[in-house]
Peer 1: 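Input: one structure, supplied below.
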2 protein chains.
Amino acid sequence: MLKENFNHYSLILDQTARRVKQYAQASFSLNEIDLTVDQWAVLKTLYENTDLTQKELADKCGKDQPTLTRIVDLIIKKDYIKRIEHPSDRRCLHLQLTEAGLKKVEDLAPTVSKFREKAWENLTKEDFEHFTRILNKIYQNLEQK
Amino acid sequence: MLKENFNHYSLILDQTARRVKQYAQASFSLNEIDLTVDQWAVLKTLYENTDLTQKELADKCGKDQPTLTRIVDLIIKKDYIKRIEHPSDRRCLHLQLTEAGLKKVEDLAPTVSKFREKAWENLTKEDFEHFTRILNKIYQNLEQK
DNA sequence: CATAATTAGTTGACAACCAAATTATTACAA
DNA sequence: TTGTAATAATTTGGTTGTCAACTAATTATG
């Protein structure tokens, strides 16, 4: 295995990830969805997990706390979520979907799944297994203890 | 194949790409390299291809023109490259490494290859083939004509 | 030859990323 | 109990990505 290739692999990974995100964002815009892809990921995660703190949410979404703080700020402006105090730890904030946020997620989930499909056309069941296994391996290789 | 999974795959792709970049950037910092990962990619590409226009360079690096313009601006501030006029087309600009830039690339190349390796530990030759094939397929699925 | 369409590069606005520093609160230890 | 360390969230600064709009130069067309 030539070392030169590693740079190349990094590039492929980077570009593909950007393309997938870009395509999703374009689909959002076409459907006049007033969210960014990352905002959607956060909303979806909150839909699937109630009463997360920001730290927990950040971990689940794979984002930094500062990044998450800003994304949350933006979604709050759109009135889809709200911060509420943690009952026993005043450092923490629980996040909850508002009525509008709940409705938003339920309305959009099928649509979003639909145009997420395109990226994965012409891939077999085995491909998905390879994909998941290899990317997880890479991720773990770089895990900081 | 459940549609729900597609969101998950997108997330894995995104997070892995970010981790790889993040690890590389951390290694740069540890070694007190005064470049970002993207700036390095641009320098390296210019080392391997002389007299590229910004458009050609953007294509080779897989970046937009606006993004590239800004990265180039930053590298120029560090005196590693310079813009020179295109001999026959006054819309274009050729980019060239300066003496310092040339030295920089030659000094750093082995070091950078070294810590790029870590991400790809424990992967087989077949894994690399799958990786390349699958990611290229995804990229092509989303190619805008 | 004049006008329209295309191309290369830049800029502005906004979102997201990371690192480092800051604040407030809680947990732990001398 | 007091002080120190750890934790949750935020803020700040710098870089990158995307989109849209713009300028200047070149090519195509009528």
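Residue numbers begin at 1 in each chain, while the letters A, B, ... track the order of the sequences. Fair warning: this is a prediction, and the values are worked out from it, not measured in the lab. Computed over heavy atoms, backbone and side chain alike; hydrogens, waters and symmetry mates excluded.
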Peer 1: Hey, is A/Glu121 close enough to A/Lys118 for a salt bridge, meaning N to O under 4.0 Å?
Peer 2: yes

Peer 1: Between B/Ala26 and A/Asp38, name the one whose nearest nucleotide on DNA chain C is closer to the 5' end.
Peer 2: A/Asp38

Peer 1: What nucleic acid atoms does A/Leu93 come within less than 4.0 Å of, heavy atoms only: base, sugar-phosphate, or nothing?
Peer 2: sugar-phosphate

Peer 1: Nearest-Å distance, CG (A/Asp14) to P (C/dC17)?
Peer 2: 13 Å

Peer 1: Rounded to whole angstrom units, what separation is found between the CG atom of A/Asp89 and the C1' atom of C/dA27?
Peer 2: 10 Å

Peer 1: Parallel, tilted or perpendicular: which one describes the rings of B/Phe6 and A/Phe128, with boundaries at 30° and 60°?
Peer 2: tilted

Peer 1: Quick one: do A/Lys21 and A/Asp38 make a salt bridge, cutoff under 4.0 Å?
Peer 2: yes

Peer 1: With hydrophobic residues grouped by side-chain heavy-atom distances under 4.5 Å, do A/Val72 and A/Tyr47 end up in a single group?
Peer 2: yes

Peer 1: Would you call the rings of B/Phe131 and A/Tyr9 parallel, tilted or perpendicular if under 30° counts as parallel and over 60° as perpendicular?
Peer 2: perpendicular

Peer 1: For A/Gln54, which contact category applies under a 4.0 Å heavy-atom criterion: base, sugar-phosphate, or nothing?
Peer 2: sugar-phosphate

Peer 1: I want to check one thing: is the phosphate of C/dA15, taken as OP1 and OP2, less than 4.0 Å away from some side-chain N or O of A/Gln25?
Peer 2: no

Peer 1: Under 4.0 Å between a side-chain N/O of B/Arg19 and OP1 or OP2 of C/dC17, yes or no?
Peer 2: no

Peer 1: Please work out if B/Arg70 contacts a base, only the sugar-phosphate, or nothing of the nucleic acid, heavy-atom cut-off 4.0 Å.
Peer 2: base

Peer 1: If the cut-off is 4.0 Å, is A/Thr36 near the phosphate of C/dA16, judged by side-chain N/O to OP1 or OP2?
Peer 2: yes

Peer 1: Cationic tip of B/Arg19 within the cone over A/Tyr139's six-membered ring, i.e. under 6.0 Å and within 45° of the normal?
Peer 2: yes

Peer 1: Any N or O donor-acceptor pair under 3.5 Å from the base of D/dT7 to the side chain of A/Arg91?
Peer 2: yes

Peer 1: Could you state the atom-to-atom distance from CG of B/Leu74 to P of C/dT10 in whole Å?
Peer 2: 12 Å

Peer 1: At under 4.0 Å, does any side-chain N or O of A/Thr69 touch on OP1 or OP2 of D/dT10?
Peer 2: yes

Peer 1: Side-chain N or O of B/Arg18 versus OP1/OP2 of D/dT16: is the shortest distance under 4.0 Å?
Peer 2: no

Peer 1: Take atom NZ of A/Lys21 and atom P of D/dT18, then tell me their distance rounded to the nearest Å.
Peer 2: 9 Å

Peer 1: Think A/Gln39 has a side-chain N or O under 4.0 angstrom from the OP1 or OP2 of C/dA16?
Peer 2: yes

Peer 1: Roughly how many Å is it from NZ in B/Lys63 to C1' in D/dC19, rounded to a whole number?
Peer 2: 17 Å

Peer 1: Output the rounded distance in Å from CD (A/Gln22) to P (D/dA20).
Peer 2: 11 Å

Peer 1: Starting from the 5' end of DNA chain C, give me the residue, A/Ser88 or A/Val37, whose nearest nucleotide shows up first.
Peer 2: A/Val37

Peer 1: Could you say whether B/Pro66 or A/Thr53 is positioned toward the 5' end of DNA chain D, judged by the nucleotide with the nearest heavy atom to each?
Peer 2: A/Thr53

Peer 1: Check the distance between C/dA8's C1' and B/Lys60's NZ and give it to me in whole angstrom.
Peer 2: 18 Å

Peer 1: Whole-Å distance between D/dT18 P and B/Ile71 CD1?
Peer 2: 11 Å

